[in-house]
Amino acid sequence: MSKKHILFIHTGGTISMKKREETGGVEPDDGNPIANVIEIPGVDAVYTVKEPFQIPSPHMTVNEMMALKKLIEQTEADGVVVTHGTDTMEETAYFLDLTLSIDIPVVITGAMRSSNEIGADGLSNLIAAVKTAVSDQSADKGVLVVMNETIHSAQYVTKAHSSDLNAFQSFDAGPVGVITKTGAHFFSTPSASETFVIGSMDFTIPLLKSYAGMDDVLLNQLSHCDGVVIEALGQGNLPPAAAQSAIRLIESGVPVVIASRCVSGIVQPVYSYEGGGLTLKEAGALFADGLNGQKARLKLLTALSSGRKEELPYIFA
Ligand SMILES: NC(=O)C[C@H](N)C(=O)O
């Protein structure tokens with residue numbers, strides 16, 4: 001059997017950074033060792049390397065995500081490994097999951113520690129990602145995130161810890177597999193996510209977090225927006241003043257998506273007190289099910305970009 005061809009796409013993040021002794025700051029490293037990896041012991045594959053940009057992931061926008069999507073769609077490789085900063089990794093992974101319609105494995109990885117820190121995890125994460133990308137079992141599973149020897153679906157994974165090596169969690173669904181010395185082993189298959197055929201991504205969609213006593217000050221400023229996502233309380237409830245403002249937005253034609261500020265669980269229209277989820281749903285709010293705010297925002301963005309505003313109630317059913 002011929003060797004698998006893996007495309008590495010390096011985009012930046014801590015996996016390609018180094019701690020500078022003089023300042024103590026962690027910053028991009030031109031000579032970072034990850035970019036030069038073109039062989040993985042024990043993996044029979046050939047590699048192509050692309051480095052379209054080198055940015056920390058807080059600098060990532062949908063423009064870079066679109067550039068990545070194009071590179072992946074153009075490749076003739078058997079699998080793709082993207083290295084990426086961890087702060088927004090789940091967003092790029094989910095964007096690609098929503099918009100790519102290819103069946104080769106696409107695996108995203110990064111590092112929590114830069115290359116010259118003790119216990120640096122970049123190389124081991126890269127190896128684990130390659131083992132996942134060369135596995136026939138990884139095809140048709142949507143975009144996968146591999147961190148800390150664990151395989152997650154882009155749909156469920158989130159960065160749950162700011163600094164731990166085990167920072168990435170898939171709370172309700174759980175990870176879909178693990179990496180061992182022999183390779184990738186899956187114990188579940190993520191449900192297929194709908195693919196959106198996107199056009200322009202020029203939409204303004206802010207994401208707001210709710211809190212006890214939230215008023216209408218911010219929401220009242222958002223009538224010019226193409227959509228608004230609110231991380232509501234619990235199962236999808238808002239304080240009265242915020243709820244009234246959200247309902248005014250809906251009435252003026254702005255789609256409002258309700259996610260939860262809880263780290264796990266789903267939003268549901270349960271409560272009928274003022275601001276309760278049932279009252280929001282009856283007013284036309286869209287419910288994000290188990291998606292967190294940042295992923296609900298990308299789903300709204302890609303749905304609008306694909307010209308499906310009228311179908312939003314079905315897309316967020
Ligand atoms: N661990 C990391 O990669 C964090 C970094 N700030 C980034 O997202 O680029």
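Ligands are counted one by one from 1 in listed order, and the atoms in each one are counted from 1 as well. Computed from heavy atoms alone, side chains included, the values below leave out hydrogens, waters and symmetry copies.
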Student: Side chain to side chain contact (heavy atoms under 4.5 Å, CB included) with Ile9: which of Val106, Val80, Thr48, Thr75?
Tutor: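 With Ile9 as partner, Val106, Val80, Thr48, Thr75 yield a single side chain to side chain contact (heavy atoms under 4.5 Å, CB included), made by Val80.
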Student: When you pair each N or O of ligand 1 with protein N or O atoms, which pairs come out under 3.5 Å?
Tutor:
| residue | atom | partner | partner atom | Å |
| --- | --- | --- | --- | --- |
| ligand 1 | 1 (N) | Thr14 | OG1 | 3.0 |
| ligand 1 | 1 (N) | Thr86 | OG1 | 2.7 |
| ligand 1 | 1 (N) | Ala111 | O | 2.8 |
| ligand 1 | 3 (O) | Thr14 | N | 3.1 |
| ligand 1 | 3 (O) | Thr14 | OG1 | 3.0 |
| ligand 1 | 3 (O) | Thr86 | N | 2.9 |
| ligand 1 | 3 (O) | Thr86 | OG1 | 3.4 |
| ligand 1 | 6 (N) | Asp87 | OD2 | 2.8 |
| ligand 1 | 8 (O) | Ser57 | OG | 2.5 |
| ligand 1 | 8 (O) | Thr86 | N | 3.2 |
| ligand 1 | 8 (O) | Asp87 | N | 3.0 |
| ligand 1 | 8 (O) | Asp87 | OD2 | 3.4 |
| ligand 1 | 9 (O) | Ser57 | N | 2.8 |

Student: Does the side chain of Ser245 come under 3.5 Å of the side chain of Asn220 through a donor N or O and an acceptor N or O?
Tutor: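 Yes, because at least one side-chain N or O of Ser245 sits under 3.5 Å from a partner of the opposite role on Asn220.
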Student: If the condition is side chain to side chain contact (heavy atoms under 4.5 Å, CB included), which residues does Met201 pass it with, not counting sequence neighbours?
Tutor: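 Side chain to side chain contact (heavy atoms under 4.5 Å, CB included) list for Met201, sorted by chain: Val62, Met66, Phe95, Ile198, Leu301, Thr302, Ser305.
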Student: Just distance, no hydrogens or angles: give the donor-acceptor pairs under 3.5 Å from side chains in residues 275-282, sequence neighbours left out.
Tutor:
| residue | atom | partner | partner atom | Å |
| --- | --- | --- | --- | --- |
| Thr279 | OG1 | Gly276 | N | 3.4 |
| Thr279 | OG1 | Gly276 | O | 2.6 |

Student: His10 and Phe8: aromatic ring centres closer than 6.0 Å?
Tutor: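 Yes, the ring of His10 comes within the 6.0 Å limit of the ring of Phe8, centre to centre.
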Student: Salt bridge (Lys or Arg N to Asp or Glu O under 4.0 Å): which pairs involve residues 190-202, sequence neighbours left out?
Tutor: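 Residue pairs passing salt bridge (Lys or Arg N to Asp or Glu O under 4.0 Å), neighbours aside: Glu194-Arg308.
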